[in-house]
Amino acid sequence: MSINGDSTMDLHGRSLLKEIDLSADEFRYLLDSAERLRDDKRRRAERPRLCGRNIALIFEKASTRTRSAFEVAAHDQGAHVTYLGPEESQLGYKESMKDTARVLGRMFDGIEYRGFSQAAIETLGRHAGVPVWNGLTDEWHPTQMLADMLTMRDHATKPLSAVSYCYLGDTRNNTANSLLVTGALLGLDVRLAGPEELWPSPEVRTIAHELAADSGAEITLTDDVFEAVRATDYLYTDVWLSMGEPPESWDERIDLLLPYQVNTAVMHAAANPEVKFLHCLPALHNEETEVGRQLFERRGLEALEVTDDVFESHASVVFDQAENRLHTIKALMVETAGD
Ligand code: CP
Ligand code: NVA
């Protein structure tokens with residue numbers, strides 16, 4: 001039974017390993033559930049639906065938002081969490097994913113996994129026997145998509161299906177793959193702008209085009225920034241070098257992606273006074289990070305994927321987006337592993 005009373009949608013026991021594990025209706029249903037949970041929390045009227053549940057949080061890569069969202073959501077809903085960081089389990093060193101899955105599935109009611117290969121989480125999902133939630137792999141970032149679509153819906157003055165967004169930068173990283181496929185699933189106008197060397201794989205593009213044929217989504221993949229951003233509602237970017245990629249690649253990546261930086265000129269090129277800026281975070285937009293400082297000094301830059309003035313502008317809704325990680329991850333846990 002869902003919190004919004006719609007008993008026709010039952011996601012109990014389901015995993016979210018990648019976006020296409022959900023139908024468009026199921027995806028929208030999770031957004032509705034998240035919105036209701038957010039209202040309840042703000043009214044201090046939240047009813048715990050995960051009492052007595054134990055949730056495992058496996059993180060083989062760093063995290064601020066995803067880990068915090070899972071922990072706070074679990075606590076709000078009455079569940080307990082166990083954090084297993086890169087150094088804190090036998091996983092991968094002395095124990096296979098298949099064996100780990102069968103052990104954790106005996107103890108936990110749900111498992112979050114952030115790691116490298118999608119194949120690893122698919123194995124976990126196949127053998128755990130409890131819901132498994134993808135907190136980011138090299139290929140996909142589906143819990144981010146729930147927050148992103150809720151944020152777009154929150155700030156839009158039209159139905160979500162009429163929204164357009166343009167992602168600029170490394171168009172074949174996890175966030176970009178997920179934005180492409182999610183927009184295609186939900187029937188949005190999705191544009192990706194980046195150099196051809198960094199376009200999504202043929203497999204990901206095929207998934208998106210097949211979904212678009214059903215949903216009516218419009219898909220644009222181009223290296224032309226100004227064509228891509230025209231008349232769009234949201235501009236979105238992500239870090240130019242993702243976790244797990246070699247730091248030696250920074251220079252080459254900066255050379256490739258500097259033309260795709262989100263700056264004031266690019267925001268103006270959207271020709272939409274209401275255009276908003278999104279970023280999954282963390283963002284390299286000023287010198288207040290170690291990585292940013294080193295790169296900016298070496299390359300004589302003041303920002304990487306987004307300039308500080310855009311990041312700090314009224315058009316930027318990145319902190320609403322970050323907060324929505326909590327409400328959407330909570331909805332996912334409640335609907336798949338709750339009462
Ligand atoms: N956006 C996101 O996944 O942030 P974290 O890496 O901090 O979890
Ligand atoms: N593409 C980024 C997303 C971080 C949330 C990464 O994988 O590092």
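Both counts, for ligands and for their atoms, begin at 1 and track the order of listing. Everything numeric here is computed off the predicted structure, so don't read it as measured data.
The shortest heavy-atom distance from D170 to ligand 2 is not under 4.0 Å.
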Using the salt bridge (Lys or Arg N to Asp or Glu O under 4.0 Å) rule, take D339 and R47 through it: C-alpha gap first, then chi angles, then the decisive distance, then the call. CA-CA 11 Å; D339 295 329; R47 187 158 72 83; over 6 Å; no

Derivation and outcome, salt bridge (Lys or Arg N to Asp or Glu O under 4.0 Å), residues D255 and R299: CA-CA 10 Å; D255 293 338; R299 297 292 307 246; 2.6 Å; yes

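For the salt bridge (charged side-chain N to carboxylate O under 4.0 Å, His left out) with E323, the qualifying choice from K41, R42, K330 is R42, the only one to do so. With K18 as the fixed residue, the side chain to side chain donor-acceptor pair (under 3.5 Å) test singles out one of H141, E122, E139: E122.
Looking only at protein heavy atoms, the nearest one to atom 8 (O) of ligand 2 is M243 N, 2.8 Å. Counting protein heavy atoms only, atom 4 (C) of ligand 2 is closest to L136 CD1, 3.9 Å. Closest to atom 7 (O) of ligand 2, if we only count protein heavy atoms, is N174 ND2, 2.9 Å.
Contact atoms of ligand 2 toward N173: 1 (N) (distance under 4.0 Å to a heavy atom of the residue). For ligand 2, the atoms closer than 4.0 angstrom to any heavy atom of L281 are 5 (C).
On a distance-only criterion, S242 and ligand 2 share at least one N/O pair closer than 3.5 Å. Between D238 and ligand 2, an N or O atom pair is found at a separation short of 3.5 Å.
The aromatic rings of Y236 and Y167 are tilted relative to each other, their planes meeting at an angle between 30° and 60°.
The 12-atom threshold is exceeded at CD of E312, counting heavy atoms of other residues, nucleotides or ligands nearer than 6.0 Å. Counting heavy-atom neighbours within 6.0 Å of R230 CZ, excluding the residue itself, gives a total of 12 or less.
Contact residues for ligand 1 (protein heavy atom closer than 4.0 angstrom to any ligand atom): S63, T64, R65, T66, R114, H141, Q144, C280, L281, R325.
A salt bridge between R172 and E245 is present, with a side-chain N of the basic residue lying under 4.0 Å from a carboxylate O of the acidic one. With salt bridges taken as basic N to acidic carboxylate O contacts below 4.0 Å, one links R102 and D99.
In this structure, Y234 has no side-chain hydrogen bond (donor to acceptor under 3.5 Å, both in side chains) partners at least two apart in sequence or on a different chain.
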